[in-house]
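So you know, we letter chains A, B, ... as the sequences are listed, proteins then strands, and number each from 1.
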Amino acid sequence: DNLQNKPSFLIDREKFYNKSMFLNEIAREIFQFVITEFKSEKNDDIIMVTLVDLYALYNKTMRIGMGYISPSEMREACGRFEVLGLTSLKLKKLNGRVLCLSSENSFDYINNQIIKLLEDEPGCDILQITQTMNKHSTGTSWTIGIITEVLENCINKGEIVIDEQLSGLTYYKNDIWI
Amino acid sequence: MSAFDELPKVYYFPPLYTRQVNSLIRRQQIDTWIDLILQYAKSMNCWMMTSEGNLIQTKIDELTGSDSNAIEKKSLFVNETIQRSIPHTFVEEIWTHMVENGKAIRTEHDIESNSVYYIMWKGVDLWSSVILQWFETAVKLNQVVTLYELSQGDETIGWDFHGMPEPLLAKCIKSLCDRQRATIMKDEYGKPVGVKVI
Amino acid sequence: MSAFDELPKVYYFPPLYTRQVNSLIRRQQIDTWIDLILQYAKSMNCWMMTSEGNLIQTKIDELTGSDSNAIEKKSLFVNETIQRSIPHTFVEEIWTHMVENGKAIRTEHDIESNSVYYIMWKGVDLWSSVILQWFETAVKLNQVVTLYELSQGDETIGWDFHGMPEPLLAKCIKSLCDRQRATIMKDEYGKPVGVKVI
Amino acid sequence: MKRFGLAALGDQQDQRYSDVSNDILKRQSVELDEQLSIFRDRLIKFAKKHNKEIKENSEFRSKFMRMCSSIGIDPLSLFDKDRHIFNAEDFYYEICVKIIEICRQTRDMNGGITSLDELENGYFANLKLDRTDLEKSIEMLKSLDGGIETFQIKGRKFLRSIPNELTSDQTKILEVCSVLGYASISLLKANLDWKRVRSKAVLDEMVSNGLLWVDNQNNGKEVLFWDPSWIMNLQGK
């Protein structure tokens with residue numbers, strides 16, 4: 001299942017009669033790529049990745065030698081998932097500012113995991129949180145970008161409070177102020 | 001200082017010292033600080049605090065009757081155990097709320113260019129009731145009692161306004177005056193010195 | 001010394017010399033120092049550095065074959081241009097990280113009570129591969145070559161391990177031994193002097 | 001085992017990102033540079049000579065580019081804007097990818113803020129591209145909706161790669177930094193007439209967020225707070 005070394009099928013821009021067909025094919029490939037590469041070991045179906053991170057990784061992994069796709073092609077391709085019957089991943093905007101591709105319930109799942117982690121280890125910084133969250137997966141299932149947004153959301157909701165020191169920002173579960 | 005050890009666990013919660021971004025949470029955080037200040041001042045039996053979190057103990061010289069202020073070295077706002085302290089700008093926000101809620105009254109005097117606040121672990125109205133109660137219990141109605149006697153006299157020992165700075169006592173009694181229950185006597189400089197409760 | 005001028009711009013960034021309090025920044029800062037040490041040692045074609053940041057040039061007397069160490073006067077950790085230097089305690093923290101990452105190996109000898117480190121601008125394994133490559137290219141397999149020849153001989157000129165101190169060469173070759181590709185010959189005192197690569 | 005990884009986008013310590021350019025070139029094997037540059041020259045010649053074949057045979061093209069990538073050769077250095085292996089737009093897409101990687105890797109160094117000067121003259125220095133190419137690519141990145149945006153400080157353009165917007169006080173401090181490289185409590189007093197407590201609060205906050213570096217060797221005088229984007233104005237290579 002090593003996608004990088006064995007490209008199963010080359011999606012060559014020039015072989016497509018029109019852009020739409022090309023995008024459909026790209027959409028399928030992106031979908032497959034995300035499903036394979038971003039699943040966590042324990043929870044296959046919990047996937048969440050920012051489009052920015054995905055754009056860099058997908059191109060560097062799958063498009064080398066094929067011609068990279070453009071940011072807008074990536075966006076458009078992801079927008080076609082539903083029509084193509086690829087329903088398990090959807091575009092979702094986090095905190096009104098960062099566009100992600102995510103499976104259903106993944107946000108709540110990561111949210112809960114982080115809170116649980118902070119309950120056990122109060123005062124982690126974002127790097128520790130990201131590392132701990134990915135401890136059980138072979139790669140990195142959740143990037144710092146995703147963890148940042150989930151944390152931001154928790155802070156906005158009041159579930160997490162911050163300790164801002166010169167040494168950096170650390171996070172605590174809020175079980176004091178409701 | 002052992003008085004810090006008496007404080008609730010939240011005092012050792014590091015995020016308490018960072019101004020929280022969520023406004024609802026911050027509101028509660030500020031309330032927590034107000035409670036801590038009140039509780040700390042009360043447990044130390046103290047009436048004044050600098051804006052920097054240092055309590056001020058008023059010492060009365062028994063011979064001359066003159067008073068002097070001793071400032072606690074340690075600030076409530078600096079937690080050495082967990083090495084945290086509240087940033088100045090946030091401290092100011094806390095005092096603003098505290099004054100608005102009537103839990104602190106800014107005095108007219110600064111110490112080392114820091115403002116000084118009376119810490120109202122009871123509100124002015126509640127204090128005036130307690131004082132009134134003392135006048136009734138001690139059978140002091142319709143006679144002039146000096147503020148010095150109220151604050152330092154043997155007869156108020158055991159009452160929790162014992163030791164209250166005279167200007168603060170005057171403020172509390174002012175509320176009795178407003179209810180036509182008291183008259184304040186002033187010295188030749190206009191400074192309140194005695195009170196008659198009717 | 002012009003070698004400093006060859007260093008990247010970040011070497012002239014004043015806060016690089018203050019231990020950063022922000023832990024994420026500090027990680028970057030330490031990595032930057034490790035890169036600078038490696039790059040500097042490499043550009044000077046030098047293998048050893050004192051813990052204080054002075055490179056050590058090993059000079060071999062061509063007649064006697066004995067070696068002596070010359071210490072560079074200027075330390076990498078002192079930047080005279082911008083008048084900054086790294087404090088001792090922070091220097092130690094950097095060395096600790098560097099050793100942990102296999103980018104430096106502490107030698108057994110101190111100079112003027114400072115530790116001395118081998119600077120590994122290639123890792124041990126990479127060096128052993130390069131050395132192996134030399135044996136193959138120079139058709140020296142299955143014969144004993146002295147460490148002196150490897151380090152100082154004309155035949156290794158142009159190879160970047162030329163000039164490598166013998167104890168470090170021995171360490172790198174040790175990794176070939178572990179892979180059953182080499183045998184080390186020792187003198188009567190147990191000091192490695194030669195190697196046979198198979 | 002994965003041969004590439006998100007690790008590179010988050011955690012630089014993680015060496016799993018064997019996919020290259022950054023790790024091998026920059027970190028472990030500076031020494032490979034010379035050998036690679038010879039090899040790279042040959043590859044470029046090869047690519048130019050066989051441009052047509054490479055273009056037409058997608059299987060070969062893919063393998064060729066993968067090989068380049070696996071030995072740490074940036075496609076941007078193989079083919080410039082005018083002589084691109086695919087079409088001119090690909091050149092910009094490659095810049096897009098590289099910008100994302102640079103932003104992720106330097107995040108801890110600069111708190112997510114990089115000047116366009118630094119991108120152009122630092123990270124893209126050896127590649128044939130100019131400011132307009134960079135700006136065009138950054139504009140393209142907008143459709144990913146990831147909070148990557150440019151902003152200006154005193155006419156100088158910066159790229160912000162994490163979605164936290166700067167507060168107006170933080171921006172003012174960066175403005176002060178744009179003159180000498182640093183800010184300090186007395187500089188802020190002199191330029192903005194800020195009180196000590198305000199300056200301290202904002203400076204501390206920016207240190208916490210990784211936006212400023214502390215310098216306490218200012219001849220025993222007050223602490224200076226340096227903007228890492230100043231590095232490119234310094235002496236050295």
Side-chain angles (χ1 to χ4, degrees), chain A residues 50 92-98 100 107-108 110-133 144-178, chain B residues 4-40 42-43 52-53 74-98 100-101 103-104:
Chain A
T50 70
K92 178 178 175 135
K93 197 157 190 180
L94 299 185
N95 303 321
R97 62 185 200 186
V98 172
C100 287
F107 189 84
D108 292 339
I110 300 172
N111 188 123
N112 295 340
Q113 287 295 108
I114 291 180
I115 301 239
K116 218 169 118 226
L117 191 161
L118 291 178
E119 216 164 27
D120 298 340
E121 287 174 68
C124 284
D125 66 18
I126 189 156
L127 204 63
Q128 291 167 317
I129 294 173
T130 310
Q131 280 167 349
T132 314
M133 289 286 289
I144 270 193
I146 288 294
I147 304 292
T148 304
E149 293 311 312
V150 179
L151 278 173
E152 178 76 13
N153 189 266
C154 289
I155 291 166
N156 291 339
K157 284 185 294 186
E159 291 174 0
I160 284 177
V161 285
I162 54 168
D163 174 21
E164 182 184 276
Q165 299 299 317
L166 291 173
S167 56
L169 289 182
T170 54
Y171 302 88
Y172 289 77
K173 184 186 177 213
N174 172 23
D175 34 31
I176 291 182
W177 304 299
I178 309 144
Chain B
F4 289 152
D5 301 336
E6 301 288 306
L7 291 171
K9 262 203 275 187
V10 67
Y11 185 65
Y12 298 90
F13 186 53
L16 183 67
Y17 299 80
T18 296
R19 182 180 187 273
Q20 296 301 317
V21 284
N22 177 317
S23 59
L24 291 176
I25 298 293
R26 186 168 63 250
R27 193 59 234 221
Q28 297 183 59
Q29 182 189 16
I30 290 171
D31 286 346
T32 300
W33 270 117
I34 292 175
D35 287 346
L36 284 169
I37 295 168
L38 296 175
Q39 194 174 331
Y40 174 56
K42 184 169 183 245
S43 75
E52 293 303 292
K74 294 198 180 176
S75 160
L76 177 68
F77 302 156
V78 178
N79 187 328
E80 286 175 3
T81 313
I82 58 167
Q83 295 187 292
R84 293 292 186 280
S85 60
I86 321 181
H88 288 270
T89 42
F90 187 35
V91 162
E92 281 168 25
E93 194 173 337
I94 294 170
W95 283 118
T96 305
H97 278 267
M98 197 152 170
E100 273 170 12
N101 295 356
K103 306 285 187 189

* To do: Carefully, step by step, assess A:Val161 and A:Ile176 under the rule side-chain contact (heavy atoms from CB on, under 4.5 Å).
  => CA-CA 10 Å; A:Val161 285; A:Ile176 291 182; over 6 Å; no
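- Note that the CD1 atom of B:Ile34 and the CG atom of B:Asn101 stand 5.0 Å from one another [nearest 0.5 Å].
- Between atom CD1 of residue A:Ile114 and atom CE of residue A:Met133 there is a gap of 4.5 Å, rounded to the nearest 0.5 Å.
- Here CD1 of A:Ile147 is found 9.0 Å from CG of A:Leu117. Values are rounded to the nearest 0.5 Å.
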Enumerate, including both backbone and side-chain atoms, all donor-acceptor pairs under 3.5 Å from chain B to chain A.
| residue | atom | partner | partner atom | Å |
| --- | --- | --- | --- | --- |
| B:Thr18 | OG1 | A:Glu164 | N | 2.7 |
| B:Gln20 | OE1 | A:Ile162 | N | 3.0 |
| B:Gln20 | NE2 | A:Ile162 | O | 2.7 |
| B:Asn22 | ND2 | A:Ile155 | O | 3.4 |
| B:Asn22 | ND2 | A:Asn156 | O | 2.7 |
| B:Gln28 | OE1 | A:Ile178 | N | 3.0 |
| B:Gln28 | NE2 | A:Ile178 | O | 2.3 |
| B:Thr32 | OG1 | A:Trp177 | NE1 | 2.6 |
| B:Arg84 | NE | A:Asp163 | OD1 | 3.1 |
| B:Arg84 | NE | A:Asp163 | OD2 | 2.9 |
| B:Arg84 | NH2 | A:Asp163 | OD2 | 2.6 |

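- Minimum heavy-atom separation, B:Ala104 to B:Trp95: CB-CZ3, 4.0 Å.
- Interatomic distance, CD1 of A:Ile146 versus CD1 of A:Ile110, reported as 6.0 Å (0.5 Å rounding).
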